[in-house]
Amino acid sequence: MRNGILFVEFLTLLHTFAANILEGIQMKYPPEPFKIKTVEHIARTTDAERQQYIKNAGYNVFSIPAEKIYIDLLTDSGTSAMSDKQWAGMMNGDESYAGSRNYFHFEATIKKIFGFKHIIPTHQGRVAENLLFSTIIKPGYVIPNNNHFDTTRANIEYNGGIAKDLVNDAAKDTNLILPFKGNIDIQKLESLIQTVGPENVPIGMITITNNSGGGQPVSMENIRATSKMLHKYDIPFFIDACRFAENAWFIKQREGGYAEKPILEIAQEMFSYADGCTMSAKKDGLVNMGGFMALNDDELAQKVTNRLILIEGFPTYGGLSGRDLEAISIGLNEVLDETYLAYRVGQVEQLGEKLAAAGVPFLKPTGGHAVYLDAKNFLPHIPQSEFPGIALTVELYTHAGIRAVEIGSLMFAQKDIKTGETIFPDLELVRLAIPRRVYTNSQMDFVAENIIEIFERRNDIKGFEIVKEAPVLRHFTAELKPLA
Ligand code: PLI
């Protein structure tokens, strides 16, 4: 009898143990919360074919036809898979020039989540930036941010403004594990305002998550403190909201007091501290095209709307079709689903964990939408002048058909105007941006395995030199050649 009880106890223990393991696995890396209804064929190419394609592309992965890529991690922007509900919504498109019903759904969804008074549709994020900065900037005005994304910076500078990155110093250490490495440095923010004068700072911004800084989140506390600091000097506060739901998920996971709050409430609180936002819906809107600007200021909204009519379209479509507006409004609701967010952020983290176990250097912790390989430490024998990030993107493609993007010297190195010397960026990164709901976890395992294989023979990899380059934004079209 005692043996019987022991056996039952043993079984119960075993069951609890197995359940804990399963629960542990599920909680840590949940499986895909969807099943696949439509599939898209992707090509497997041979080694010889890839060698030829990359040579034809001048060793620049931007110039490889997408059909020759197996796993495309160039960007998470506009590459999401839409749901059956979004596709059904597209059939409900009302393509009236003015007052389409889809605009009213779009407006109501954005008001619910973001809480702003005026909702201005645009066909992508950079148009919202263009409208905002061409309206508020005078030459010499300064716009602080944690890190400006390149289109944000370009739109500020094009209008004569100065874009300042004020992310906290810890963000520059790729190995430091902190919960909110996207936070802006509040002291630096105040000292900038005092130095240039608040009258020269038309708005302050925060980008959530911080794409240019490794997809790192910003805490609610930091959003609140930024708002307080800017408002102390009567400066409006805008959020670059591209990846707002991923940021809210990190707040729920990592910041005290938010574990029990629904993502919608966390998002509402984040935006309650701001006066407006710009958003590329191509990220957390879960669509292939679209964006918007939202704000409370009546006068600014009127000016922006007047410009919108000039460059994008009537205020109820702003460069989008009715069906696009509908897909965005459904996508913005779907992205709040915690089962989705747990899987989404977990998929990125899981890739990072596999790479970390093999000692592959990358920016830690993993961000919400991407793993950023640390090319400087991956290929320490290649100096920055020989583009280690490019060498790694070329290797990822030729070895396995994987496309990633260099965020290093090809993209950011600058010439010192006085001495003519090259100023190299602090970091040489290669971003593996993961499209939303597109690749399975087994495809991500394929990515991890191939990066590890490349890492194991990293000493054989050689640097590159530029053959041809454009005067601005050279990384998109530059041609290179491998060094002997
Ligand atoms: O690509 P757009 O114009 O819809 O959005 C521009 C944009 C603004 N802010 C941030 C933080 C972005 O990440 C961003 C676009 N990101 C791209 C294209 C990316 O590959 O990350």
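Note that the structure is predicted; figures quoted are calculated from it, not measured. Remember, it's 1-based here, ligands and their atoms both numbered in the order they're listed.
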Determine which pairs satisfy side-chain hydrogen bond (donor to acceptor under 3.5 Å, both in side chains) with at least one residue from residues 61-73, sequence neighbours left out, and list them in order. Asp72-Arg403
Does a side chain donor of either Asn130 or Arg307 reach within less than 3.5 Å of an acceptor in the other side chain? no
Can a side-chain donor-acceptor contact be found between Thr45 and Arg50 if the only test is distance below 3.5 angstrom? yes
Between Gln253 and Tyr258, does any side-chain donor sit less than 3.5 Å from a side-chain acceptor? no
Is the side chain of Asn60 donor-acceptor paired with the backbone N or O of Ala478 at a distance under 3.5 Å, no angle test? yes
Asp284 and its salt bridge (charged side-chain N to carboxylate O under 4.0 Å, His left out) partner, picked from Arg344, Arg436, Arg243: Arg436
Pocket residues of ligand 1, ordered first by chain and then by residue number (heavy-atom cut-off under 4.0 Å): Thr75, Ser77, Gln124, Gly125, Arg126, Glu129, Phe149, Thr151, Thr207, Asn211, Asp240, Cys242, Arg243, Ser280, Lys282, Lys283, Arg431
